[in-house]
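What follows is a set of notes on a single structure, which appears directly below.
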2 protein chains.
Amino acid sequence: MTRQRMVILEELRKVNTHPSADEIYEMVRKRLPRVSLGTIYRNLEILSGSGEIQKLDSGSSLKRFDGRADCHHHIRCERCDRLADIFFDPGVDLNSRVRDFTDFSVIGHKLEFVGVCPDCRRSSEAGLHAARNLPTD
Amino acid sequence: MTRQRMVILEELRKVNTHPSADEIYEMVRKRLPRVSLGTIYRNLEILSGSGEIQKLDSGSSLKRFDGRADCHHHIRCERCDRLADIFFDPGVDLNSRVRDFTDFSVIGHKLEFVGVCPDCRRSSEAGLHAARNLPTD
DNA sequence: TTTGCTGCAAATCCTTTGCAGAGGT
DNA sequence: ACCTCTGCAAAGGATTTGCAGCAAA
């Protein structure tokens, strides 16, 4: 565990914003100004390989990282691409249910919700109201 | 609907392998040798925008496309990255269940299973047997 | 001393875009 | 003629990699 790897892990654990590699680079750079992007990528790969963080693939093109390694789900804002954690139990064992419908051996699943975040909802309402000259309250 | 767009759609509907843009390019090229990769990307974007096909994001880095537009799920092989359709009903309305756990407005969700496909299972067993000099039956 | 990790820069991969010309209505 | 689409080639963004030096065991 090098200093660089430690700082990356610490910075990632500090936030709940699911930053991209580039955003993590900026965060880490404040503490280690000479760190390189390559090191960020290499360590994010190592850390997610060893299960200390999670790499989040789905949705948009660029990958995001999650400092929490425990099982939880996410919801992505369709408009601004922001990701938020969701701690919720679907109440069904999807993995065992799906076994009858596939000839793959089932290991797990990824469940990502899609929606609109409060900020984007607000700004689109504001936009509508402005367009129609209506009060915003 | 240009000839190019039509051929792309036809080729995609022929298979159930969820090809990448590049693989679709190769398929289409057999019928339209002068087609360009840019045209493939542009039309895949248009077709998925109009709901005639689906763009599949999650999992690996490169995007895959699905000629079936009706609602179904997928399972991805961890080893070879192959995708297969799963037609199965989780039996719960996940969208309404999750509403209590988020301040986003919920629109939908993506559910992707992860597993090992029959081929990879077979070859890893073969590998194990070979390594240990055991019979493969 | 050996092994693994770093910073740097170049390379790679996938995808998007600008542009001039072709095609269809 | 008009508008959309195409092929081509170049640009773009995100990520990976080669390499020589550095750091810690």
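One can place CD1 of B:I8 at 12 Å from P of D:dC5, the figure rounded to the nearest angstrom. Taking atom CE of residue B:M1 and atom P of nucleotide C:dT25, one finds them 13 Å apart after rounding to whole Å. One can place CD1 of A:I40 at 14 Å from C1' of D:dA14, the figure rounded to the nearest angstrom. At whole-Å resolution of the value, CD in A:E23 and P in D:dT15 are 11 Å apart. Computed from coordinates, the B:I46 CD1 to C:dT17 P distance equals 12 Å when rounded to whole Å. Rounded to an integer number of Å, the gap from NZ of B:K63 to P of D:dA14 is 12 Å. The CG-C1' distance, from B:L44 to C:dT16, rounds to 13 Å in whole Å. Separating the CG atom of B:L37 from the P atom of C:dC13 is a distance of 14 Å, rounded to the nearest angstrom.
Closest to the side chain of B:R42, from the set C:dT17, D:dT15, D:dT17, is C:dT17. Side-chain atoms of A:N43 lie closest to C:dT6 of the nucleotides C:dT15, D:dT15, C:dT6. The side chain of B:T39 has D:dT6 as its nearest neighbour among D:dT6, D:dT15, C:dG7. Among the nucleotides C:dC5, C:dC8, D:dT15, the one closest to any side-chain atom of A:R5 is C:dC5. Counting only heavy atoms from C-beta on, B:T2 has its side chain closest to D:dC5 among C:dT6, D:dC5, D:dT15. When the nucleotides D:dC19, C:dC14, D:dG7 are ranked by their closest atom to the side chain of B:Y41, C:dC14 comes out on top. Of the listed nucleotides (D:dT15, C:dC14, C:dG7), C:dG7 has the atom at the smallest distance from the side chain of A:R34.
Listed pair A:R3 / C:dC5 fails the phosphate criterion, with no side-chain N or O lying under 4.0 Å from OP1 or OP2. The phosphate of D:dA23 (OP1 or OP2) has no side-chain N or O of A:Q4 nearer than 4.0 angstrom. Using a 4.0 Å cut-off, no side-chain N or O of B:S36 falls inside it from OP1 or OP2 of D:dT6.
At a threshold of 4.5 Å between non-hydrogen side-chain atoms, the residues B:H72 and A:F101 do not count as touching. Side-chain contact between A:L44 and A:L12 is present, with at least one heavy-atom pair separated by less than 4.5 Å. Taking 4.5 Å as the limit, some side-chain heavy atom of A:D85 sits within range of a side-chain heavy atom of A:H18. Between B:H74 and B:F113 there is no side-chain heavy-atom pair separated by less than 4.5 Å.
With respect to the salt-bridge test (charged N to carboxylate O, under 4.0 angstrom), the residues A:K14 and A:E11 qualify.
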